[in-house]
Amino acid sequence: MQTTPASSYLFVPGTRPDRYAKAFGSGADAVILDLEDAVAPQDKQSARDSVSQHLAALPPALVRINGIETEWFRDDLQMCRTAGAAGIVLPKAEQAGDIEFIVKQLGGHIPLLPLIESAKGMWNAYAIAQCGGVERLMFGSIDFQLDMGIPDDGEALLHYRSELVLVSRVAGIQSPVDGVTASLQDLAALRADTLRAKSLGFGAKLCIHPRQIATVNDTFRPSEQEIQWAKRIVEAAASAHGAALAIDGKMVDKPVLLRAQAILARA
């Protein structure tokens, strides 16, 4: 995986090894080989076998395993450990005890990315985020809507999205990953969803098709205007040698400098 936090995560069904190479060539920052929602119950074993056989030959990949309450969970977890998954996406994460159990089973060597997909998971999100081994939280917005009885992905979910950003910051982990945009053709809607996520403090987005990657990456990437502003701030601060300074009539203090440095690091 890359050293800077990923902006785009692309799901690919574990049952489709013919799509693995395309997924890794899509430009996605991270690829998730999916053993859960994209795989029918009768295909769980073959999907696990396929992922196990290919992991060693692929670039570093995440694996979305089946939930802890399912009959496939333990075998999925063992496969990730032995086959060398770069990280585990845990669906329907609802309590810290489950995270702690998984970390113990893995020996703390594989990063975890819990999916918050229910009211109970949201309620316990801070406790989950505090668990050792958790790299960042993901928002399973579609399942969350279903659990909460919320009919749309818009304003009604703003509070919950902001909650995930807040608990991630307080827990000291990477900014969370927003849920998928279901429309595969409407790139304008995808961009609007990604801009909303970015404005709320999310650092990445889940994707379900390679054609979504470029829009997501471009939206999260700092604009040229942001980059030029950040360069001015950093250069001026370096020349000031700790003295107070103002640019364009605005005071440049430590938080402003840190924001500028973060923009340049992401660029």
Side-chain angles (χ1 to χ4, degrees), residues 4-9 11 29-30 32 64 87 89-96 98-99 111-131 133-183 186 188-208 212 215-223 226 230 253-256 258-263 265-266:
T4 56
S7 295
S8 54
Y9 291 80
F11 284 112
D29 293 331
I32 305 172
R64 176 162 70 169
V89 177
L90 178 67
K92 300 172 180 62
E94 292 192 331
Q95 52 192 7
D98 292 343
I99 306 299
L112 296 180
L113 296 91
L115 265 164
I116 305 301
E117 303 185 81
S118 66
K120 187 175 180 180
M122 187 66 68
W123 186 262
N124 292 322
Y126 180 56
I128 291 170
Q130 285 186 299
C131 292
V134 171
E135 184 172 89
R136 69 198 310 184
L137 301 178
M138 294 178 161
F139 188 28
S141 51
I142 295 177
D143 283 287
F144 185 78
Q145 285 176 243
L146 179 63
D147 188 52
M148 292 286 289
I150 296 174
D152 65 82
D153 188 46
E155 185 176 347
L157 292 186
L158 288 178
H159 166 77
Y160 303 106
R161 284 190 162 96
S162 295
E163 183 74 12
L164 290 182
V165 173
L166 177 63
V167 301
S168 297
R169 180 66 182 127
V170 175
I173 61 175
Q174 294 178 19
S175 55
V177 182
D178 198 19
V180 303
T181 295
S183 174
D186 193 345
L190 174 66
R191 178 170 173 78
D193 288 349
T194 310
L195 281 170
R196 176 187 61 197
K198 181 179 179 181
S199 71
L200 291 173
F202 281 79
K205 185 170 175 62
L206 295 169
C207 302
I208 53 176
Q212 296 180 322
T215 298
V216 170
N217 284 345
D218 287 346
T219 304
F220 275 111
R221 186 179 298 119
S223 67
E226 289 176 312
D253 55 8
K254 185 175 181 180
V256 174
L258 291 175
R259 177 170 175 251
Q261 291 171 336
I263 289 173
R266 199 159 186 80

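Because the structure is predicted, anything quoted here is derived from the model rather than measured.
Between Leu115 and Pro91 the shortest heavy-atom distance is CB-CA, 3.9 Å. Contact between Asp152 and Gly154 at its shortest, heavy atoms only, is OD1-N, 2.8 Å. Closest heavy-atom contact between Pro111 and Glu135: CB-OE2, 3.8 Å. Between Ala204 and Tyr9, the shortest heavy-atom distance links the atoms CB-CE1, 3.8 Å. Between Ala171 and Ala129, the shortest heavy-atom distance links the atoms CB-CB, 3.7 Å. For Cys131 against Ile99, the heavy-atom pair with the smallest separation is CB-CG2, 3.6 Å.
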Q: Carefully, step by step, assess Arg169 and Leu166 under the rule side chain to side chain contact (heavy atoms under 4.5 Å, CB included).
A: CA-CA 5 Å; Arg169 180 66 182 127; Leu166 177 63; 5.6 Å; no
Q.
Let's go through Leu112 and Leu90 carefully: what are the C-alpha distance in whole Å and the side-chain angles of both, what is the deciding distance for side chain to side chain contact (heavy atoms under 4.5 Å, CB included) to 0.1 Å, and is it a yes or a no?
A. CA-CA 7 Å; Leu112 296 180; Leu90 178 67; 5.8 Å; no
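The salt bridge (Lys or Arg N to Asp or Glu O under 4.0 Å) test applied to Asp147 returns no partner, not counting sequence neighbours. Not counting sequence neighbours, the partners of Asp98 by the side-chain contact (heavy atoms from CB on, under 4.5 Å) test are Ile68, Gln95. A search for salt bridge (Lys or Arg N to Asp or Glu O under 4.0 Å) contacts involving Arg259 returns nothing, not counting sequence neighbours. With sequence neighbours excluded, the residues forming a side-chain contact (heavy atoms from CB on, under 4.5 Å) with Ser168 are Leu137, Ile173, Pro176, listed by chain and number. Shown here are the salt bridge (Lys or Arg N to Asp or Glu O under 4.0 Å) partners of Asp153, two or more places apart in sequence or in another chain: Arg161, Arg196.
Between Leu158 atom CG and Leu200 atom CG the span is 6.0 Å, to the nearest 0.5 Å. Note that CG of Leu113 and CG of Leu206 are 9.5 Å apart. Values are rounded to the nearest 0.5 Å. Here CG of Leu157 is found 7.0 Å from OG of Ser141. Values are rounded to the nearest 0.5 Å.
Of the N and O atoms on the side chains of Ser7 and Asn217, not one donor lies less than 3.5 Å from an acceptor on the other residue. Counted by atom type alone, Lys205 and Thr219 present zero donor-acceptor pairs between their side chains at under 3.5 Å. With hydrogens and angles left out, the side-chain atoms of Thr181 and Gln212 include no donor and acceptor closer than 3.5 Å.
A side-chain contact (heavy atoms from CB on, under 4.5 Å) with Phe139 is found for one member of Val180, Leu164, Val165 and no other, namely Leu164. Looking at Val177, Asp178, Ile116 one by one, the single match for side-chain contact (heavy atoms from CB on, under 4.5 Å) with Met138 turns out to be Val177.
Of the possible polar contacts, none joining the Asn124 side chain to the Ala127 backbone as a donor-acceptor pair under 3.5 Å is found. In this structure a side-chain-to-backbone donor-acceptor pair under 3.5 Å is present from Arg136 to Ser175.
Sorted by first then second residue, the salt bridge (charged side-chain N to carboxylate O under 4.0 Å, His left out) pairs that include residues 116-131, not counting sequence neighbours, number zero.
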